[in-house]
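Every number for a ligand or one of its atoms is a count from 1 in the order of the listing.
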Amino acid sequence: GVSANPVHVKSMPQTMGTVSQYACQRRTTLKNYNNIFTDAFEILSQNYEFIESEGPCLAFMRATSVLKSLPHAIHSLQDLEGLPFLGDQTKDVIEDILECGHSSKVQHVLSDDRYKAFKLFTSVFGVGLKTAEKWYRRGFRSLEEVKADSSIHFTKMQKAGFLYYDDISRAVSRDEASAIGQIVEDTVHLLVPDALVVVTGGFRRGKEFGHDVDFLITTPETEKGEGILHNVINELKHQGILLYYDIVDATFDKTKLPSKRFEAMDHFEKCFAIIKLNKKLVKCDGQEESAGGKDWKAIRVDLVVPPVDNFAFALLGWSGSRQFERDLRRYAHYEKKMILDNHGLYDKTKKTFLSAKTENDIFAHLGLDFIEPWERNA
Ligand code: ATP
Ligand code: MN
Ligand code: MN
C-alpha cells in the first residue's frame, strides 16, 4: 500500500493541504468562507493603492486571494500556519477580527478623508488614481463639488461617467448581462454569421453581478473580420442604443516579445462602450426602480477583437480574476522562464513562441493542471 511518507508530501506541493503561493495552482470558487477577513483586507489593500504603497497593497491582495481559496473558515491564528502571504501585518488584522468582530485599522481607513474621496472619485467611469489625486488636492470631497467647478476639463469618458453615473455605478445582473449578450451576438452575426462571440470577465467566472460585461469577438477567417468592430459599433449606433464608445485600434506587433509588465494594456482592437438596455429585454427584471422611471438602463460593455491565433490567450487574459492573471504571469516567469501575456506565451529557454488553440493548451505548456473559469475567482 501507499505509506504516508512526509518526504513524498514535501515534494508534491499540491497535495496534503499545502497551499500554493500561486493562485493559478489553487481552485478558488465564489464560495468564500473567510469574507469577514477578505472584506477587511480588500479595504486595506485599496487604501494602500490610494496612497501608492505598492508593496503592502500587493501583500494584502495576495493574502486575500489565499484566504478566498480555503475550503473552510479561519477560526484561530493557528489555522494560518503554513499559509503563504499571511505574515504579521495580516495576522494582526485577523486577530482583531477574531477577538472583537472588527478591525480598528479598517475602521480608521473607512473614516479617512483621502480614502473616502478616492473611493468616490474612482467610482466614476474614466477616473483613475491620477485624476482622483488631482481632485482631492484641489480640496474636493464630493462629486457635486467636482461637477460644480466650471474650470475643470472633463474627458469624453468622464462626461459619460457623470451622465450615466446612477446606472453604471449599480451592479449588472446576470440576466442583464445575458440580454446584452443577445444584442451583441445578434449584431455581430448580422455582419459576420460565423464570428465567435464569447462572454469573458466576471460573468465567465460565474459571478452573479459585475461592473460591466466583457466580450471577445473573433472571426475564423481573418479577411471576414476586417473592420468588424467598426461595423458592429455603427450597427449599434444605428439601433439607437449606443450611449458612449471609445474605439482603441489594434497596435499589435507579432514580432515583439510578450510584455512582462502586468496591467499593461494589451494591443488588441477594442471598444469601451455604454449600451442602452431596454428593460423589457431583461428576463427577470427586479423591482429595482431607476431614477426618472425610465424604461432602460445604461450598461458598461467591453468588446475585444483578437486575431483568431491569439484567441486562447486573449480569453485566458480577459477571464480574470486580476489576481489569477497576475499569478499566472508570475508563475510563468519564475517557475518556467516563460513570458505570458494576453497575446501569447514565449519560452525564453527555447527562444520560441508556444502556440495554443485552447486555454487547455496554455495550461499544458505551463505544466499546470487546468483550472476551470469558475475556479479562477482568486
Ligand atoms: P467585474 O465584475 O468588476 O467586471 P471582472 O473580473 O470582469 O470583474 P474587468 O475589469 O471587467 O473585471 O476585467 C476583466 C479582465 O480583463 C481582468 O481580469 C483583466 O485581466 C482584463 N482586463 C481588463 N481591462 C483590461 C485592459 N484594458 N487591457 C487588458 N486587459 C484588461
Ligand atoms: Mn468585467
Ligand atoms: Mn471590463
**Message:** Need the ligand 1 atom indices (1-based, order shown) with element for anything under 4.0 Å from a heavy-atom of G202.
**Reply:** 5 (P), 6 (O), 7 (O)

**Message:** Can you tell me which portion of N342 lies within the under-4.0 Å heavy-atom range of ligand 1? Options are side chain, backbone, both, or neither.
**Reply:** side chain

**Prompt:** Looking only at heavy atoms, is any part of D212 under 4.0 Å from ligand 1, and if so is it the side chain, the backbone, or both, or is it neither?
**Reply:** both

**Prompt:** Under 2.8 Å from the Mn ion (ligand 3), how many protein N/O/S atoms can be counted?
**Reply:** 3

**Message:** Can you confirm whether or not the ring centre of F125 sits under 6.0 Å from the ring centre of Y244?
**Reply:** yes

**Fill in**
The salt bridge (charged side-chain N to carboxylate O under 4.0 Å, His left out) partners of D113 (sequence neighbours excluded) come to R141

**Request:** Can you sort out which atoms of ligand 1 are near G210, meaning under 4.0 Å from one of its heavy atoms?
**Result:** 2 (O)

**Message:** Using the side chain to side chain contact (heavy atoms under 4.5 Å, CB included) criterion, which residues pair with E133? Sequence neighbours excluded.
**Reply:** E52, R114, F118, R137

**Asked** Any N/O of R322 closer than 3.5 Å to an N/O of ligand 1?
**Response** yes

**Y33 six-ring centre to K31 NZ/CZ under 6.0 Å and within 45° of normal** = yes

**Prompt:** Does atom NZ of K337 have more than 12 heavy-atom neighbours from other groups under 6.0 Å away?
**Reply:** no

**Message:** Taking the six-membered ring for Trp, are F154 and F162 closer than 6.0 Å centroid to centroid?
**Reply:** yes

**Item:** Salt-bridge contact R138-D149 (side-chain N to carboxylate O under 4.0 Å)
**Value:** yes

**Request:** Give a yes or no on this: more than 12 heavy atoms of other residues, nucleotides or ligands lie within 6.0 Å of atom NZ of K237.
**Result:** yes

**Prompt:** If you measure from the Lys or Arg side-chain nitrogens to the Asp or Glu carboxylate oxygens, is any gap between K68 and E42 under 4.0 Å?
**Reply:** yes

**Message:** If the cut-off is 4.0 Å to any non-hydrogen atom of R205, which atoms of ligand 1 fall inside it?
**Reply:** 6 (O)

**Prompt:** Any N or O on S319 sitting closer than 3.5 Å to an N or O of ligand 1?
**Reply:** no

**Request:** Report the part of E325 in contact with ligand 1, treating N, CA, C, O as backbone and CB onward as side chain, heavy atoms under 4.0 Å; options are side chain, backbone, both, neither.
**Result:** side chain

**Message:** Test of understanding: with side chain to side chain contact (heavy atoms under 4.5 Å, CB included), list the residues that count as partners of F209, not counting sequence neighbours.
**Reply:** A171, S173

**Prompt:** Counting both backbone and side chain atoms, is some N or O of D214 under 3.5 Å from an N or O of ligand 1?
**Reply:** yes

**Asked** What atoms of ligand 1 come closer than 4.0 angstrom to any heavy atom of H211?
**Response** 1 (P), 2 (O), 3 (O), 4 (O), 10 (O), 11 (O)

**Complete:** Judged by heavy atoms only, the candidate from G201, G317, A177 nearest atom 19 (C) of ligand 1 is G317

**Message:** Please list, in number order, the atoms of ligand 1 under 4.0 Å from a heavy atom of G320.
**Reply:** 18 (O)

**Item:** Pair D167 + K294: basic N to acidic O under 4.0 Å
**Value:** yes

**Prompt:** For ligand 1, is there an N or O atom under 3.5 Å from any N or O atom of S321?
**Reply:** no

**Donor-acceptor pair between D186 and Q182 side chains, under 3.5 angstrom** = yes

